[in-house]
Amino acid sequence: MTNAMIIIAIIAYLVLVVYIGFFFSKKNASTDDFYLGGRRLGPFVTAMSAEASDMSSWLLMGLPGVALAGVVGLTGTFAEAVWTAVGLALGTYLNWLIVAKPLRHYSERIGAFTLPDFFSFRYGEKKGVLLVISAIIIIIFFVPYTASGFSAIGKLFNSLFGVDYHTAMIIGACVIAVYTILGGFLAASTTDFIQSIIMTIALLVIIGVGVSSAGGFGAAMDNAANAATAVPKGHYFSLNGAGSYGLLPIISTMAWGLGYFGMPHILLRFMAIDDKNKLKLSRRIATVWVVIAMFVAIFIGVIGYSFCVKNGIIDKNFDPERIIVYMARVIAKINPFVALVAGVILAGILASVMSTADSQMLAASSSVSENIVKRFFMKDADEQKQIKVARIAVICIAIVAVFFAWNPDSSVFRIVSFAWAGFGASFGPLMLFSLFWRRTNIYGAVAGVISGGAMIFIWKFGIAKLGGVFAIYELLPAFIVNCIVLVVVSLLTPPPAKEVTDVFDEVKAMN
């Protein structure tokens, strides 16, 4: 009966998202509709879909897992989870505050509805060099990012029902691909909005169950603190203030927030909002939800230790990233009604995965179909043929991501961390300079994007291995390198053409 109720809740959720895909399939008359929903998103959907697509399985699996592992001293530190959340909260707010409105104005003015479009049209390039480079970077980093979501689905169903990891992962990928292919951006954004609600319910229920199981809030905190003090100093951040976490690691970890300025699937929401005057409302909704959601996710990692010990869950096969899954399985045994609630919690994990994977596949497919295929091979294709190509691109991206997710032992947090750094370092500086520095030119833009993306790999797989002060999150040094290269090259090469700066001045006046 327990498994039956969980399955009912999950199937009901899957049927709902597929139905939404069918519902919006008739509303995609053009590629503008398919990729930006005709710029018709309301403030609530804009805010919640942007943050749901941002948080992903990282919120319900990655972040609680890092917090729990830090508390008990398995890997990493508790401070890593805390300062990552602080950086992301600041990044969320600043992205909505300084990027959303000017990007909405600029993208509409120059007729861009993908991120590579925006960069290319912003600098008036004719050969499409920046456009192709941007599209390739999106594909390179979105494939493993999407794969992390597929991997989370496989882990979820393998933990719950003993279903083969690969079978579950493939089925999940197919469901996401179906409603994304059918409904495009409107379906992805609407399901993301619904998924953000389900994720919130899941987080709140788990908090209540975890605190109750530990014997109250104080008992849960005491248990976590006692666990932390059993770990060698310097390898934890105990809840009573002991332990160590230096200034450089804090700055490095907070650099997660810089990633927001270059996230294609989030920036597309800014470009798609209907009423530009309601962006302030969207910003407030998004920021409040992100802060609360991340605090709750970290707290789940803290109280998860007490819960796991009490229920005999921690063993040699224990995976901190599955803490919410373990907790849901335990509470599902209470009675059929509670099992249904547990099903909603697990659907919340599924929702967190799907809300990001659909947006990632859409953004990656737009890079393939719009910025490469249409630009260079099908310039005269009609709208229906372009939509067909876009849907084929979604399928191709999903297939490649499945292969990347084939290893069931991959860490959701680490995969997302690398992809996040890739986008932040490649596109973040360029987005900010494109919106706010008139002197930026195409040469600086191309050099900056290439240097930022390359430095991610150089630092991650080379320099960071030197250890010490070099063992920091690769996003920070790569972001700085991009900024320096972009400015220097722009100043050493001819200024942008007058028609480019005229548009810049026009958009600046609108803001």
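Every heavy atom of this structure was used, including side-chain atoms; hydrogens, water molecules and symmetry mates were not.
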Just wondering, do [Y] and [X] contact through their side chains at under 4.5 Å, heavy atoms?
X: Phe470; Y: Lys465; value: no
X: Val487; Y: Phe433; value: yes
X: Pro496; Y: Thr440; value: no
X: Ile442; Y: Val500; value: no

For the residue pair [Y] / [X], report whether a side-chain donor-acceptor contact shorter than 3.5 Å exists.
X: Tyr260; Y: Thr92; answer: yes
X: Ser434; Y: Tyr106; answer: no
X: Thr493; Y: Asn441; answer: yes

Discussion item. Taking the ring centre of each residue, are Phe261 and Phe423 less than 6.0 Å apart?
Written reply: no

Tell me if the aromatic rings of Phe141 and Trp420 count as close, with their centers under 6.0 Å from one another.
no

How long is the straight-line distance from [atom2] of [Y] back to [atom1] of [X], given to the nearest 0.5 Å?
X: Phe504; Y: Arg438; atom1: CZ; atom2: CZ; result: 7.5 Å
X: Leu97; Y: Arg284; atom1: CG; atom2: CZ; result: 11.0 Å
X: Leu430; Y: Phe119; atom1: CG; atom2: CZ; result: 4.0 Å
X: Thr253; Y: Ile472; atom1: OG1; atom2: CD1; result: 9.5 Å
X: Ile484; Y: Ser451; atom1: CD1; atom2: OG; result: 9.5 Å
X: Leu435; Y: His105; atom1: CG; atom2: NE2; result: 12.0 Å

With distance as the sole test, does [X] use its side chain to make a donor-acceptor pair with the main-chain N or O of [Y] at under 3.5 Å?
X: Ser107; Y: Arg104; value: yes
X: Glu506; Y: Met510; value: no
X: Arg439; Y: Ser490; value: yes
X: Lys126; Y: Gly124; value: yes

Do you know which two heavy atoms are closest between [X] and [Y], and how far apart they sit?
X: Ser426; Y: Gly453; answer: OG-CA, 3.3 Å
X: Ala85; Y: Ile298; answer: CB-CD1, 3.6 Å
X: Ala401; Y: Phe150; answer: CB-CE1, 3.5 Å
X: Val402; Y: Ala173; answer: CG2-CB, 3.8 Å
X: Trp96; Y: Ser282; answer: CZ3-CB, 3.4 Å
X: Ala478; Y: Met455; answer: CA-CG, 3.6 Å

| Met263 vs Phe427, side-chain contact (heavy atoms from CB on, under 4.5 Å): CA-CA, chis, key distance, verdict | CA-CA 8 Å; Met263 288 300 124; Phe427 297 144; over 6 Å; no

message = Please evaluate residues Leu486 and Trp437 with respect to the criterion side-chain contact (heavy atoms from CB on, under 4.5 Å), reporting the C-alpha separation (whole Å), side-chain torsions for both, the decisive distance (0.1 Å), and the verdict.
response = CA-CA 11 Å; Leu486 188 153; Trp437 192 36; 4.3 Å; yes

Please walk me through it: do Leu268 and Met271 pass side-chain contact (heavy atoms from CB on, under 4.5 Å)? CA-CA 5 Å; Leu268 284 174; Met271 296 165 63; 4.0 Å; yes

Apply side-chain contact (heavy atoms from CB on, under 4.5 Å) to residues Trp83 and Ile251 and explain how you reach the verdict. CA-CA 8 Å; Trp83 290 111; Ile251 295 173; over 6 Å; no

The single option from Ile98, Thr287, Leu88, Val290 that satisfies side chain to side chain contact (heavy atoms under 4.5 Å, CB included) with Tyr93 is Thr287

Decide if atom CZ of Phe457 counts as having more than 12 heavy atoms of other residues, nucleotides or ligands within a radius under 6.0 Å.
yes

**Prompt:** Does a sphere of radius 6.0 Å around CZ in Phe436 hold more than 12 heavy atoms from other residues, nucleotides or ligands, not counting ones at 6.0 Å or beyond?
**Reply:** yes

